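A quick note: this is a predicted structure, and the numbers were derived from the prediction, not measured. Only heavy atoms go into these numbers, but all of them, side chains included; no hydrogens, no water, no symmetry mates. This chain uses plain numbering: 1 for the first residue, then up along the sequence.
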Amino acid sequence: MSSRVAVYGAGSWGTAFSLVLADAGREVTLWGRRPELVDAINATGVNGDYLPGVQLPDSVRATADPAVAAREADIAVLAVSAQHARPLLEEWRPLWSPSTVFVSLMKGVELGTNRLMSQVIAETTGAGPDRVTVLSGPNLAREIVQRKPAASVVACADHNTAERVQTACHTAYFRPYTNSDIVGCELGGAVKNVIALAVGVTDGMGLGDNAKAALVTRGLAEATRLGVAMGADPLTFAGLAGMGDLVATCSSTLSRNHSFGYRLGEGLTVEEAKKATTQTAEGVASSKAVSALGERYGVELPITAAVVDIIHNGQNPTDVVDALMSRTPKPERFGDRGREAGN
């Protein structure tokens with residue numbers, strides 16, 4: 001295996017994962033779209049726009065040229081916005097070799113097509129299932145760059161490829177596991193952003209920890225129901241890419257989705273919250289795509305629907321919370337294979 005990895009996306013998570021890869025012994029080329037940011041990273045070793053004060057290892061070099069990033073790299077890590085991924089990957093396709101392994105750090109669902117990011121990668125690059133992996137889990141970038149202990153999941157249909165990526169990013173503080181359930185791992189990462197928006201709203205409204213715990217638990221039920229309908233293993237949602245990521249994103253002030261929802265709960269409009277948010281909150285756009293997946297597979301997603309009502313339909317958060325709480329009471333029980341009975 002080559003020691004060189006290309007990382008596309010110089011935001012906080014792409015930069016943090018570059019540090020992980022470098023600490024694991026890889027030479028990393030980090031692509032960023034803005035030449036001035038790239039120059040600053042190369043001059044100082046710091047991505048001041050996204051992770052100020054964090055010194056990157058010398059083995060991380062930045063470039064604004066995607067072809068330079070691809071050169072001699074047998075692993076391409078994708079950390080761009082989910083809603084901008086398709087045109088970028090179509091443009092970059094000629095740069096990669098037929099053996100390049102792709103690692104998606106993108107936690108979203110594409111609007112319009114309702115495709116998971118692994119599907120977008122396969123469609124745009126022509127890569128087969130043995131070359132497309134997803135990395136997901138409770139991975140808050142600010143804690144990662146402080147080298148605090150963290151764990152994640154590398155999901156791929158091909159176990160050897162998953163192990164290859166696992167080895168490439170395994171450090172003393174970053175522990176990756178492997179999993180073959182790429183749909184479950186990816187869906188868990190996408191849905192948790194939507195649930196984190198809802199939790200942020202209730203936190204901003206001051207509704208307390210009971211409300212938060214209920215949303216996290218019922219949000220996990222939503223993700224699991226949808227995942228099972230899409231062919232995922234329900235047990236995946238009890239793991240790092242499911243419950244683990246959900247807890248971290250819904251409880252941490254470092255979460256951009258939680259922070260976005262919090263601003264809405266405090267009374268800001270969606271446009272005001274967008275202006276106050278310096279980085280992409282993937283759940284804002286993905287909430288509509290997740291809702292569409294629920295409709296396609298006949299799965300009821302009441303919390304997701306509530307987020308869509310607040311963000312995209314202009315409804316008042318107080319009215320939406322009242323509507324959620326007044327839904328018809330139902331039993332909490334689970335049937336075969338973890339499928340929840342009585343949506």
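Checked against Glu110 for a side chain to side chain donor-acceptor pair (under 3.5 Å), the options Gln119, Arg86, Gln83 give a single hit: Arg86.
Note that the CG atom of Leu78 and the CG atom of Leu105 stand 7.5 Å from one another [nearest 0.5 Å]. Taking CD from Glu300 and CD from Glu295, the interatomic distance works out to 11.5 Å, rounded to the nearest 0.5 Å. Rounding to the nearest 0.5 Å gives a distance of 5.0 Å between CH2 of Trp13 and CD1 of Ile144.
A tilted orientation is assigned to the rings of Tyr8 and Trp31, their planes being inclined by 30° to 60°.
Looking only at side-chain heavy atoms (C-beta outward), Thr100 and Arg131 come within less than 4.5 Å of each other. Looking only at side-chain heavy atoms (C-beta outward), Leu37 and Tyr50 come within less than 4.5 Å of each other. The shortest side-chain heavy-atom distance between Asn42 and Val38 falls under the 4.5 Å cut-off. In this structure, the side chains of Arg26 and Thr167 come closer than 4.5 Å at one or more pairs of heavy atoms.
Under the 6.0 Å distance and 45° angle rule, Arg256 does not count as a cation-pi partner of Phe260.
His84 NE2: 12 or fewer foreign heavy atoms inside a 6.0 Å radius.
Remark: the backbone N or O of Ala157 is not paired with any side-chain donor or acceptor of Ser180 at under 3.5 angstrom.
A donor-acceptor contact closer than 3.5 angstrom is absent between the side chains of Ser104 and Glu186.
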